[in-house]
Enquirer: 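I have a structure I would like to understand better, so I am pasting it below and will then ask my questions one at a time.
Every number for a ligand or one of its atoms is a count from 1 in the order of the listing.
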Amino acid sequence: MSEAVKIWKILDILKVTEELFAKNNISKPRLNAELLLCGALKTKRINLYLDFEKPLNETELAVYRSMVKRRINREPLQYILGEAEFYGLKFFINRSVLIPRQETELLVDKTLEIISTQRLENPKILDIGTGSGCISIAAASRVLCSIRAIDISREAVKTAQANSDLNNTSSRIEFIQKDFINDNESFNGYNLVISNPPYIAEFEINTLEPEVKDYEPKSALSDNSDGLSFYRKIFETAIQTIEPLTVLLETGDGKKEKVEELVQQYGIKNYTFHKDLLNIERVLEINII
Ligand code: GLN
């Protein structure tokens, strides 16, 4: 006689997982449970609601359980699912790249706005620290442009290229492995330079959530110094350009004063900080004329 195996229906397993996540201080426990189950069942969220009574088979249960275990260890949802959404597009995500953040969408908005207001036709753009490629790909999905996107990590460049293929932007973006801090990269010939640099100071890393500090690539988060190295190198390079140039850089919460001080030290006069939806100065725009 075969042993009775517990049958898990969608509704029941979601409830149990939600409780487990809540006990383990995972924020938005229900949403996490649902999104992981969608990943395990390879289905859309709406179908969970339509199939509440449906039992999971053994394979589905095993896949889901291993995902839940990873989440309890505070691994971010996007690494477990292998994907994330940014600017309405899908991106492949793995531990070699930073998970795209919603606030970074402002950098894309500003890029598109500048291309439109300056009436740039097929502008040349440099993206420094492209990671998953999210900023470049989002921009290139909307407008004709020629982007050079660099990143120090070979694995990140591979991921970005796969994302560009996925979103049909490959003819508009070239991805290159390059160390921006130590190898020289001139800004001459570009209309725009964009970047979401690693701006977390080394001493701040310990204050971050486990999802971030234990899983996201260190080199994408921090410069292992005061969090300002990329701004310095970018300002130093920008003031040497011989043609007009716009630079758009993401800045972190509470970093405005330090970054502004640096802008002034480099003698840059024409700059603005743009606020995000939470009223945080999120994007620094510099115009070199
Ligand atoms: N450009 C990518 C993003 O904005 C990666 C940035 C980074 O790794 N610092 O998400």
Side-chain angles (χ1 to χ4, degrees), residues 76-79 82-112 125-142 145 147-164 166-167 169 172-181 185 192-202 204-205 208 211-234 247-253 255 259 274 276 280 282-285:
L77 201 63
Q78 294 88 339
Y79 288 149
E83 59 181 65
E85 202 194 283
F86 180 80
Y87 224 75
L89 304 172
K90 180 179 150 176
F91 289 85
F92 298 126
I93 296 300
N94 57 58
R95 289 187 61 186
S96 68
V97 298
L98 191 82
I99 298 167
R101 306 294 205 265
Q102 204 192 347
E103 54 269 28
T104 304
E105 294 186 349
L106 181 63
L107 194 51
V108 181
D109 289 340
K110 289 292 157 196
T111 302
L112 296 174
I125 304 175
L126 175 67
D127 175 11
I128 300 165
T130 195
S132 63
C134 61
I135 302 169
S136 286
I137 292 166
S141 76
R142 298 293 180 99
C145 55
I147 306 183
R148 175 179 163 91
I150 63 172
D151 200 286
I152 193 171
S153 153
R154 194 171 294 280
E155 283 306 307
V157 167
K158 262 202 239 163
T159 306
Q161 184 63 61
N163 281 325
S164 191
L166 176 70
N167 289 292
T169 53
R172 296 181 176 177
I173 316 171
E174 181 187 25
F175 292 97
I176 313 252
Q177 191 226 344
K178 189 160 180 183
D179 173 356
F180 175 70
I181 294 289
E185 177 80 22
L192 261 166
V193 172
I194 57 181
S195 179
N196 174 18
Y199 50 67
I200 296 174
E202 193 175 27
E204 292 171 316
I205 291 185
L208 303 171
E211 277 85 349
V212 181
K213 69 166 185 259
D214 297 340
Y215 289 94
E216 297 204 87
K218 285 272 161 350
S219 65
L221 295 170
S222 172
D223 59 355
N224 292 319
S225 170
D226 61 357
L228 296 169
S229 314
F230 279 75
Y231 298 100
R232 280 191 200 93
K233 180 83 180 183
I234 290 169
V247 181
L248 290 170
L249 305 175
E250 182 164 319
T251 49
D253 190 4
K255 307 261 169 178
V259 174
H274 300 286
D276 66 13
I280 294 166
R282 184 60 69 186
V283 172
L284 166 66
E285 174 183 343

Enquirer: To the nearest 0.1 Å, how far is atom 8 (O) of ligand 1 from its closest protein heavy atom, and which atom is that?
Expert: A220 CB, 3.1 Å

Enquirer: Going by atom types only, do N167 and T169 share a side-chain donor-acceptor pair under 3.5 Å?
Expert: no

Enquirer: Counting each atom of ligand 1 from 1 as listed, which ones have a heavy atom of T104 under 4.0 Å away?
Expert: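 The atoms of ligand 1 under 4.0 Å from a heavy atom of T104 are 4 (O).
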
Enquirer: Students should be able to answer this: which protein heavy-atom is nearest to atom 5 (C) of ligand 1, and at what distance?
Expert: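 Answer for atom 5 (C) of ligand 1: G129 O, 3.4 Å.
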
Enquirer: Would you check if the side chain of E85 reaches a backbone N or O of K90 as a donor-acceptor pair within less than 3.5 Å?
Expert: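 No, E85 side chain to K90 backbone: no donor-acceptor pair under 3.5 Å.
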
Enquirer: Please check if the side chain of D223 supplies one atom and the backbone of S229 the other of a donor-acceptor pair under 3.5 Å.
Expert: yes

Enquirer: Give me the nearest non-hydrogen protein atom to atom 7 (C) of ligand 1 as residue plus atom name, then the distance to 0.1 Å.
Expert: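 Ranking protein heavy atoms by distance from atom 7 (C) of ligand 1, first comes N196 O, 3.5 Å.
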
Enquirer: Atoms of ligand 1 less than 4.0 Å from L98 heavy atoms?
Expert: 6 (C), 7 (C), 8 (O), 10 (O)

Enquirer: Any side-chain to backbone donor/acceptor pair from N163 onto F92? Under 3.5 Å, distance only.
Expert: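 Present.
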
Enquirer: Is there a donor-acceptor pair under 3.5 Å between the side chain of T130 and the backbone N or O of D151?
Expert: no

Enquirer: Pick, from S96, S222, C134, the option with the minimum heavy-atom distance to atom 3 (C) of ligand 1.
Expert: C134

Enquirer: With heavy atoms under 4.0 Å as the rule, classify the contact between V97 and ligand 1 as side chain, backbone, both or neither.
Expert: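 It is neither; nothing of V97 touches ligand 1.
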
Enquirer: Hey, is the main chain of D276 close enough, under 3.5 Å, to the side chain of R282 for a donor-acceptor pair?
Expert: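 No, R282 side chain to D276 backbone: no donor-acceptor pair under 3.5 Å.
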
Enquirer: What's the verdict on side-chain contact (heavy atoms from CB on, under 4.5 Å) for S132 and I93, showing C-alpha distance, side-chain angles and the deciding distance?
Expert: CA-CA 7 Å; S132 63; I93 296 300; 4.0 Å; yes

Enquirer: Which atoms of ligand 1 sit under 4.0 Å from any heavy atom of I135?
Expert: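 Per the distance check, 1 (N), 4 (O).
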
Enquirer: What's the shortest distance from atom 2 (C) of ligand 1 to any protein heavy atom, and which residue and atom give it?
Expert: T130 O, 3.3 Å

